[in-house]
Amino acid sequence: MIPTIAFYLTSALLIFSALMVVTQRNVFTCALYLAGTLSLVAFLFLLLNADFLAAVQILLYVGGILVILAFAIMLSSIPQSKIQSQVNEQWIPSLLVAGALFLVIVQSLKESPFPNQTQFYAPTTASLGRLLLTDMVLPFEVVSLVLLASLVGAVYFSKKRNVG
Amino acid sequence: MLDSLKLLYPEIFLSGAAMLLLGVEAFVKKNLRRWVLILGCGSLFFAMVLVLSLPTGNRAFGLLAIDNFSLFFKFLAILSCLLILCISENDTELMGDHAGAYVSLLILSTVGMLFLSSAEDLLMLFIGMELTTIPLFILAGFLRKELRSSESAIKFFLVGAFSTGLMLYGISYIYGLCGSTHFRVIFAWTQSQNVSNNALFLLGLFLILVGIGFKLSLAPFHQWTPDTYEGAPTPITAFFSASREAGVIVVALRLFSQTVDPGALGIQHTLILISILTMTLGNLIALKQENLKRLLAYSSIAHAGTLFIGLVANNSLGREGVMIYSLAYFLMSFGAFAVVILISRIKKSESLSALRGLSKENLGLSILMLFFLLSLAGIPPFLGFLGKWMVFASAIQAKLYWLVGIALLNSVVAVYYYFRMAHAMFFQDPDPSQSAIPEKLESLSFKLTTLFAALVLLILGIFPGQILSWIRISGAPLP
């Protein structure tokens, strides 16, 4: 009973703050709502017994990415007058398409029951770690190459132009 | 584990080379353009030898299929990277101060393609796709002084991230239903139940198809292509259009013919519709283009649509056709882009008028370009014709007659705009305001690579027996 209430409460809050992220005009307010959204997603993960995922979500997204995002917003110091609306003239058609996709997803989720998993409460970190170093070691290593490429890109684009 | 590692020698070696080049870039202050080039070409060449010496019919880590089919595309990916590296040799902007980063990013993207071409797992597919595209985002914006280059990188990045998100969404549904991301498990799962009624499975597949469609620039997901192609540095554009498509089409072939059967699922009509839309839109819009890079971009969209027919047909002839077509398409679009690079460097213009009177200025170059255009238009005896013909034949075998009819009509339209370029080269006078192309070209690497491409197109087109027998062996999927 209590988990159900917690789930619906979290989901409602999550949807609300996600909507605020894309409708607020002030970028900084958006960032704060984004922090709320990501923390609530972490809470959803907790409700689903994914303890490691929840911790990573908080550490990486809320702790890492959002702090950098906040820095970027404050350093770029957009004047208040230049803040623009988040939607352009095509928002009605895109809303229709998004709504249609939403209905399709809801309907297909209703129709197809997922295989029933027996609920058990156990820490997932150990088994995840084991998977990453046995069956999934190759994707794990290749991801490091992806990260390398993105790092090179970040360094390249943030370098001053005239300095070789 | 060690046996699996042995199957990944090319990937491991190339990643090592890429890291070495980055180290050179970071720690050596002198401009080592020539050494970087030699190192890059040498390691790519060695990787090609490694690919050819791999034993086939194995799986690495249970996630990658090392069969003849994937080796063919691996070879193609490395070859394309090598040729692109050669034609960017004289580009002082790309191979200038950041030559090490440039070459290593190219190689990293190629490594991604190597993984893609043998991926048998949705997770590996996703990571391979990212490894292929993330270096390309950076390379598209490599000319930081040019606004168009940055625009192209931003557009490509946003669309790429968006499509990746959609694809991940689809993957998560399929994982939730099947309990695994491995293609064979998904295949077993589809056999065990009535999947054509499972809306969620279809939705997941559809989202993955959308993701692949964005990467392959299939209509209606193609809008980013012309802007990105136009703004990116031209060697990178050539790299995009050719090898990326080859990498993605392998995945599509593995997923949509080996793993799920489009006919049984009832999504074949969607695939046919996508193919027709892509061909028709690409060709019709290409008719009006005045910029050479944009024209080739739209023609690449049209070719992607034709390539997709081989997948729609879903038979062994289709697979073989896709292989020949990817090889031919890579060589001919590479050649055409190489000529465009040379001309635009001398004439400082990328518009169609830069081609005017090329035959009067440099006959050899115009004949070379004519070769590539004829092959792109699918005119015998070039390899482009063979690829097209095999793909069409596979569709006839699958009894998709009207699809072939529309594709043939499209080929006629395509002939028109390729001949527009040929007409400008041979029957118009050069624009006196632009500097003329010299009689003798200096760039040795340009001559070598384009002549190589043209000769391969011509020789394999006239004597297809050998390559067809190789392809026939390679086309069979791993059981």
Side-chain angles (χ1 to χ4, degrees), chain A residues 18 22 41 44-45 48 50 53 65 88 90 93-94 97-98 100-118 128 130-164, chain B residues 1 4-5 8 11-12 15 18-19 22 25-26 29 31 60-64 96-98 101-102 104-105 108-109 111-112 115 121 123-124 126-128 130-139 141-142 144-145 150 153 157 169 173 176-179 197-204 206-207:
Chain A
V22 291
V41 170
L44 272 190
F45 284 152
L48 292 167
L53 212 54
I65 293 177
N88 61 9
Q90 288 181 344
S94 36
V97 171
L101 189 64
F102 174 73
L103 288 181
V104 169
I105 290 175
V106 168
Q107 191 55 34
S108 20
L109 278 174
K110 262 190 197 162
E111 276 180 15
S112 25
F114 285 102
N116 255 336
Q117 294 276 321
T118 42
L128 268 177
R130 204 164 293 126
L131 256 186
L132 279 184
L133 289 179
T134 52
D135 291 352
M136 288 295 160
V137 64
L138 182 68
F140 183 59
E141 292 298 327
V142 180
V143 162
S144 63
L145 285 180
V146 178
L147 284 180
L148 176 73
S150 350
L151 274 178
V152 172
V155 171
Y156 181 75
F157 283 125
S158 53
K159 248 187 176 176
K160 277 207 182 116
R161 271 176 209 211
N162 295 326
V163 182
Chain B
M1 188 81 103
S4 291
L5 277 182
L8 294 180
E11 285 89 343
I12 296 170
S15 331
M19 284 182 228
L22 278 180
E25 158 96 22
K29 288 289 166 218
N31 191 347
F61 294 97
L63 302 172
L64 297 172
D97 292 334
H98 297 291
Y102 174 73
S104 74
L105 284 173
L108 275 180
S109 176
V111 173
F115 280 119
D121 187 286
L123 188 65
M124 215 47 230
F126 166 69
I127 295 174
E130 287 308 284
L131 187 56
T132 313
T133 42
I134 285 180
L136 289 179
F137 299 148
I138 304 159
L139 289 171
F142 212 77
R144 287 180 59 208
K145 282 178 206 149
S150 306
F157 174 68
Y169 213 40
Y173 284 147
L177 285 169
C178 311
N197 284 332
N198 192 326
L200 199 61
F201 186 74
L202 288 180
L203 184 68
F206 178 72
L207 289 174

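Chain naming here is simple, since letters A, B, ... match the order of the sequence lines and numbering starts at 1 in each.
For the atom pair CG of A:L138 and CG of B:L123, the computed distance is 9.5 Å after rounding to the nearest 0.5 Å. From A:M136, atom CE reaches atom CG of B:D121 across 5.0 Å, with rounding to the nearest 0.5 Å. For the atom pair A:L148 CG and B:L131 CG, the distance stands at 9.5 Å (nearest 0.5 Å).
Interface remark: B:L22 contributes side-chain atoms only to the contact with chain A (heavy atom separation under 4.5 Å). Of the two parts of B:Y169, only the side chain, counted from C-beta on, holds a non-hydrogen atom closer than 4.5 Å to a non-hydrogen atom of chain A.
Chain B forms more heavy-atom pairs under 4.5 Å with one residue of A:L145, A:V155, A:L147 than with any other, namely A:L145. When each of B:N198, B:L108, B:I127, B:L8 is checked for heavy-atom pairs under 4.5 Å with chain A, B:I127 comes out on top. Note: B:F142 leads B:F61, B:F115, B:F142 in heavy-atom pairs under 4.5 Å with chain A.
More than 12 heavy atoms of other residues, nucleotides or ligands lie within 6.0 Å of CZ in A:F157, so this atom counts as buried by the packing criterion. Open room surrounds CZ on B:F206; 12 or fewer heavy atoms of other groups in view lie less than 6.0 Å from it.
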side-chain contact (heavy atoms from CB on, under 4.5 Å) for B:E130 and A:V142? Distances and angles first, verdict last. CA-CA 10 Å; B:E130 287 308 284; A:V142 180; over 6 Å; no
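When every heavy atom of A:S108 is checked against every heavy atom of B:L200, the shortest pair comes out as CB-N, 3.7 Å. Considering every non-hydrogen atom in both B:A101 and A:V152, the closest pair reads CB-CG1, 4.5 Å. Residue A:P139 comes nearest to B:L63 through the heavy atom pair CD-CD1, 3.6 Å, listed as atom of the first residue, atom of the second, then distance.
Between B:H98 and A:Y156, the two ring planes are perpendicular [angle over 60°; tilted spans 30° to 60°].
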